[in-house]
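Residues: numbered from 1 along the sequence shown.
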Amino acid sequence: MTEHPIMSRFPPQEGEGPPPLHQRISQARIDAYAEASGDHNPIHLNEQFARSVGLPSTIAHGLLTLGVACAAVEQWCEAHAWTGRVTCRFSAPLPSGQTVSGHPKVVRSDEERVVVELEALSEAGERVLSKAEIELRPLG
């Protein structure tokens with residue numbers, strides 16, 4: 001098992017980062033998120049409705065996509081840091097069944113905080129998250 005940089009020391013160096021993000025967002029996952037969040041907008045749940053408003057299919061909730069990215073970063077730091085702040089721009093919809101991918105990297109790092117930047121892409125190469133920053137703070 002490879003030890004993650006943030007696991008061996010805090011803070012990690014600029015340019016380091018979690019493993020690449022690469023997760024498929026299935027319709028079942030979108031449905032579960034809708035149930036948990038209470039966001040039952042038909043663009044997420046009804047393919048016929050989504051197509052009627054010009055979308056290629058149902059789409060993932062923006063916050064679901066961001067949550068997947070944040071979870072990957074949090075998993076990387078395990079119990080050594082907590083997420084202090086998250087910012088992003090939702091740039092394009094992510095159609096259901098597609099994979100979201102990106103290469104998170106540390107862009108600022110000091111003893112008090114680490115900022116991980118991520119731009120996430122759909123399978124079609126469209127940016128679904130732009131200017132995403134996940135700020136980590138050390139525990140303890």
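The shortest side-chain heavy-atom distance between I134 and V115 does not fall under the 4.5 Å cut-off. A 4.5 Å side-chain heavy-atom check between L21 and S101 finds every atom pair outside the cut-off. Between W82 and L139, the closest side-chain pair of non-hydrogen atoms falls below 4.5 Å.
Annotation: side chain to side chain contact (heavy atoms under 4.5 Å, CB included) contacts of S52 (sequence neighbours excluded): F49. Qualifying side-chain hydrogen bond (donor to acceptor under 3.5 Å, both in side chains) partners for Q98, counting only residues two or more places apart in sequence or in other chains: none. Residues passing the side chain to side chain contact (heavy atoms under 4.5 Å, CB included) test with S91, sequence neighbours excluded: R89, R127, S130. Contacts of R24 classified as side chain to side chain contact (heavy atoms under 4.5 Å, CB included), with partners at least two apart in sequence or in another chain: S26, T99. The salt bridge (Lys or Arg N to Asp or Glu O under 4.0 Å) test applied to E135 returns R85, R113, R137, not counting sequence neighbours. Every residue two or more places apart in sequence or in another chain was checked for a side-chain hydrogen bond (donor to acceptor under 3.5 Å, both in side chains) with E117, and none qualifies.
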Task: Evaluation steps, side chain to side chain contact (heavy atoms under 4.5 Å, CB included), between V107 and V116 - done: CA-CA 6 Å; V107 293; V116 177; over 6 Å; no
TODO: Evaluate side chain to side chain contact (heavy atoms under 4.5 Å, CB included) for H40 paired with L45, printing each intermediate quantity in order.
DONE: CA-CA 7 Å; H40 299 284; L45 304 171; 3.9 Å; yes
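Judged as a salt bridge (charged side-chain N to carboxylate O under 4.0 Å, His left out), not a single pair has a partner in residues 62-73 (not counting sequence neighbours). The salt bridge (charged side-chain N to carboxylate O under 4.0 Å, His left out) analysis of residues 47-64, with sequence neighbours excluded, yields the pairs E47-R51. Note on residues 52-62: no pairs pass salt bridge (charged side-chain N to carboxylate O under 4.0 Å, His left out), not counting sequence neighbours.
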Report all side-chain donor-acceptor pairs from residues 54-69 shorter than 3.5 Å, counting only partners two or more places apart or in another chain.
unit_1 : atom_1 : unit_2 : atom_2 : d
T58    : OG1    : Q27    : OE1    : 2.4
T58    : OG1    : S96    : OG     : 3.0
H61    : NE2    : D39    : O      : 3.2
T65    : OG1    : H61    : O      : 3.3

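Between the side chains of T83 and E74, at least one donor N or O lies within less than 3.5 Å of an accepting N or O.
Between S37 atom OG and H44 atom NE2 the span is 8.0 Å, to the nearest 0.5 Å. Note that CG of L129 and CZ of F90 are 6.5 Å apart. Values are rounded to the nearest 0.5 Å. Taking CD of E14 as the reference point, atom CG of D110 lies at 9.5 Å (rounded to 0.5 Å). A distance of 7.5 Å separates CD in E119 from CG in L121, rounded to the nearest 0.5 Å.
Cluster annotation: I43 and Y33 are assigned to distinct hydrophobic clusters (Ile/Leu/Val/Met/Phe/Trp/Tyr, side-chain heavy-atom contacts under 4.5 Å, transitive).
Atom CD of E123 is surrounded by more than 12 heavy atoms from other residues, nucleotides or ligands within 6.0 Å. When the shell of 6.0 Å around NE2 of H22 is examined, it contains 12 or fewer heavy atoms from other residues, nucleotides or ligands.
The shortest non-hydrogen separation linking C77 to A81 is SG-O, 3.8 Å. Among all heavy-atom pairs drawn from W76 and P19, the shortest one is CD1-CD, 4.1 Å.
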